[in-house]
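In what follows, a structure is listed as structure tokens, so that the remarks can point back to it.
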Amino acid sequence: MLVDNTLDRPETGDTPGGWFPKNLELLVVVVVAIAWLGWFCWSNYYFVDDFFRLSEASTTKLDWSYLSRSVYGHFVPAWRLVYFFLQRWGGFSFWPAYVLTILEGIALVTGFWRLTAALFGNRRSNLLILGWFIFSPAFTETWLWFANILHLCSSLACVIWALNGFVRYARTGRKRSLIPAWLAIVLGFGFYEKTVMILPLIPLTLLLLGVQTYGARRGLLESAKAVVRIWWIIGLFAAPAVLYFWYYFSHGYYENRTKPTVAAVVAADTAAWTHALGVSLIGGPFHWRYFVGGLATAEPRLWAVVLAGLLLSILVLITAVCRAGSWVGWLYVAVSFALSISMAIADRVRIYGHVSAFDYKYSADTLPFVLLGIGAAIAPIRDGGEWVIFREAMPASRSHQLSSGMRLSSVSQRRVVVAAAAVMIVYFVSSLASTLSYRTTWKADLSDVYWSNVTSAIRTLQRTGRPFSLYDTIVPATTNYDFPEDLLSATVTIGFKHLSFDDPSLPLYAAVLPKGNVVAAHIVPQATTTDGSAQLAGATVSGGLMCAEGAERTITMKIARPLSPGYRFLLLEYSASSPANVVVQVVSEGRVISATPEGSFSALPGTHQYLAPLAPVATQELRFTNTSTAPFCLNAADVGGLATNV
């Protein structure tokens, strides 16, 4: 094996390492990790949809109508609840969000440390996996964007703690370990549907334990028997998932739209590994592409992609030669990665292609399970005792022999330790270079002066006493989405009641530009209907309304001259007698896809406005489908760019 057990600390009881680190090295790593995160996020501020969610929370009451509203096609009531209390406690101050960010980091670090201890024992070699996880560039974008922290990290922490509870049950048979695990799953679904990853991780982890305890042939059989015996645990964990997805599919969050091909998903999975997560394992990507308002996607150089693939291949080869059971660790890597990535980017591939896989926010939450698999391939799982989930225990000495594959002399052990330390130093330096490069550009585009100016403008708007919504959205001045020339970093919609669509010069918005100066802005229509009207909707039906009365009724608007791909806004004025859910779709090159990031919106009783960025695709037709029984009517609808007086 690569790291021998003689280097490990002795284990005690069912909680190896206990709740607090028993070796100084681990304590130092945890403290440095939290300090690093605190500095990395220091002087950060809200970004993109954070503004809108806070404004939305400030003008609504806490009820199920608010909590259940779609967020980019996600059903995330806990996510919305956090924004509600953030707005009540801090308004637009970032301090409460900063504290929550640190708490998220502590939950991830402690949860992952306890999971590695439960699987591998209280080993110094766990420091390699923990350091690999904590300082990975894969979380760079996540830690700087609070909406993503709340979305991805909350769900990931819940999955890690739930898996930790199951592994401890597998070791001890104590059912009390399953109670916090089940509660973590319930909480995780409130932030992200990918909490469902706990279900495939359970049998995958049992396969890992079985093969590395008994060997390949018997391990497969024992793992299968264990899965059958714990059907009630799988059912217990599946219950909140079934309830969640029943609500998700039956309430308009998921749309019947063109699905990506298997080949497209496989291509995206490959790109996510070669250009994002795989390169992050060596501290990459080292190069970022397309900074707009601080956002970027990974674009590693060819040498980095080749180097990452080469080093991983060498590691696979070494472990295959040195350890008989290493293959199950690599299987753990492949399966957990493929399932997680496919679930996250399948819908994005349909709209943006495989380039969406370069965005770390779709793969960061896969990293801990990839590292667990790599750790299991390098070093044996915890031995010296019985995994009670298997009815017949293998003697500790035999288990150790199966897992190890080979023994190293004391001299070789020291060399392995020195080599591992050198690798981690190189990794830390390269990772530091990647993450600081991202942060530097982020802070350069979103400077402290900018944030202070935005905060000042927000206070001015609050003093007017009028309702408003904030947007901090990428809005290029050109219609070419890939190469923007400018952006409006925040758009403030003031006064919802009587917006006029007849006079485009009327300053309906206050646009906050990148440097923080506030100017008047308005929507400039760029589309007409087939009858040539300047507005997409209007007095085309008796009574001046286009109505969809009853469930699954659709209002269709055909555009006279199809719009070329570009970034625009969709602005609606609608009327509803009671709450209704409206799915918004666009026909683009014969495909029916989601027209807005959320895919749908909740229409409130009365006459209101709805503003959302439109999908940057060629647009031939807009469809508004009422999925509720309550009537929904459009007074007017515009598609256009946001223009200012500067």
Side-chain angles (χ1 to χ4, degrees), residues 17 19-21 25-47 50 76 78-79 82-83 85-86 89-90 93-117 126-164 180 184 187-188 190-192 194-195 197 277 280 283 294 360-372 424 427-428 431-432 434-436 438-439 442-443:
W19 276 99
F20 299 98
E25 303 98 314
L26 183 57
L27 180 61
V28 169
V29 169
V30 171
V31 171
V32 169
I34 301 306
W36 161 258
L37 177 61
W39 173 83
F40 191 75
C41 300
W42 182 255
S43 73
N44 201 22
Y45 199 59
Y46 293 118
F47 184 63
D50 290 322
V76 284
W79 190 86
V82 171
Y83 272 108
F85 285 112
L86 279 178
W89 293 337
S93 169
F94 191 72
W95 272 106
Y98 178 77
V99 172
L100 276 179
T101 298
I102 302 302
L103 292 177
E104 292 272 13
I106 293 174
L108 283 174
V109 171
T110 56
F112 192 65
W113 158 59
R114 283 181 60 79
L115 181 56
T116 57
N126 289 351
L127 292 173
L128 297 176
I129 306 175
L130 188 61
W132 219 342
F133 170 66
I134 292 170
F135 300 108
S136 172
F139 281 89
T140 299
E141 178 184 324
T142 296
W143 289 128
L144 291 175
W145 189 353
F146 182 72
N148 210 25
I149 295 172
L150 199 57
H151 180 56
L152 184 146
C153 292
S154 300
S155 171
L156 176 60
C158 288
V159 173
I160 288 176
W161 279 99
L163 186 60
N164 174 67
L187 179 62
F191 292 97
Y192 196 7
K194 273 184 70 176
T195 303
M197 274 296 295
L277 200 60
S280 76
Y360 273 120
K361 69 172 175 282
Y362 297 121
S363 59
D365 57 346
T366 307
L367 179 66
F369 311 111
V370 167
L371 294 179
L372 285 179
M424 287 310 298
Y427 167 79
F428 179 77
S431 176
L432 189 66
S434 286
T435 53
L436 289 182
Y438 191 105
R439 186 180 186 274
W442 176 284
K443 297 300 290 184

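FYI, the numbering just counts along the sequence from 1. Because the structure is predicted, anything quoted here is derived from the model rather than measured.
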Looking at side-chain heavy atoms only, is the closest gap between [X] and [Y] below 4.5 Å?
| X | Y | value |
| --- | --- | --- |
| Leu152 | Phe191 | no |
| Leu86 | Tyr46 | yes |
| Asn126 | Trp113 | no |
| Leu163 | Met197 | no |
| Phe40 | Leu144 | yes |

Taking all non-hydrogen atoms of both residues, which atom of [X] and which atom of [Y] are closest, and how far apart?
| X | Y | result |
| --- | --- | --- |
| Ala33 | Ile134 | CB-CG2, 3.2 Å |
| Leu128 | Met424 | CD2-CG, 3.2 Å |
| Ile149 | Thr101 | CD1-OG1, 3.5 Å |
| Ala364 | Ala138 | CB-O, 3.4 Å |

Any chance you could measure [X], atom [atom1], to [Y], atom [atom2], to the nearest 0.5 Å?
| X | Y | atom1 | atom2 | answer |
| --- | --- | --- | --- | --- |
| Thr116 | Ile129 | OG1 | CD1 | 6.5 Å |
| Asp365 | Lys194 | CG | NZ | 3.5 Å |
| Cys158 | Tyr192 | SG | OH | 14.0 Å |
| Leu103 | Leu108 | CG | CG | 11.0 Å |
| Ile102 | Ile34 | CD1 | CD1 | 7.0 Å |
| Leu156 | Ile160 | CG | CD1 | 4.0 Å |

Checking the side chain of [X] only, and the main-chain atoms of [Y] only, is there a donor and an acceptor separated by less than 3.5 Å?
| X | Y | result |
| --- | --- | --- |
| Thr140 | Thr435 | no |
| Ser431 | Phe135 | yes |
| Ser154 | His151 | no |

Problem set entry | Qualifying residue, where the test is ring-ring contact (aromatic ring centres under 6.0 Å, His included) with Phe139 and the options are Tyr438, Tyr360, Phe133, Trp145 |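 Only one option passes, and that is Phe133.
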
For this session: Go through the steps for Ser136 and Tyr427 under the test side chain to side chain contact (heavy atoms under 4.5 Å, CB included), then give the verdict.
Result: CA-CA 9 Å; Ser136 172; Tyr427 167 79; 3.4 Å; yes

For this session: Start with the C-alpha gap between Trp36 and Trp42, add the side-chain angles, then the distance that decides, and say whether ring-ring contact (aromatic ring centres under 6.0 Å, His included) holds.
Result: CA-CA 10 Å; Trp36 161 258; Trp42 182 255; over 10 Å; no

Exercise. Is the NZ or CZ atom of Arg439 positioned over Trp143's six-membered ring, under 6.0 angstrom from the centre and within 45° of the axis?
Worked result: no

Problem set entry | side chain to side chain contact (heavy atoms under 4.5 Å, CB included) between Trp132 and Leu367, intermediate numbers included | CA-CA 9 Å; Trp132 219 342; Leu367 179 66; over 6 Å; no

For this session: Mind telling me whether Tyr98 and Phe94 have parallel, tilted or perpendicular rings, with 30° and 60° as the class edges?
Result: tilted

Exercise. Can Leu150 and Val76 be said to form a side chain to side chain contact (heavy atoms under 4.5 Å, CB included), step by step?
Worked result: CA-CA 10 Å; Leu150 199 57; Val76 284; over 6 Å; no

Exercise. Can you tell me if Asp50 and Tyr45 form a side-chain donor-acceptor pair at under 3.5 Å?
Worked result: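 No, because no side-chain N or O of Asp50 sits under 3.5 Å from a partner of the opposite role on Tyr45.
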
For this session: Check the side chains of Thr195 and Ser155 for a donor-acceptor pair under 3.5 angstrom, ignoring hydrogens and angles.
Result: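 Yes, a side-chain donor-acceptor pair sits under 3.5 Å.
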
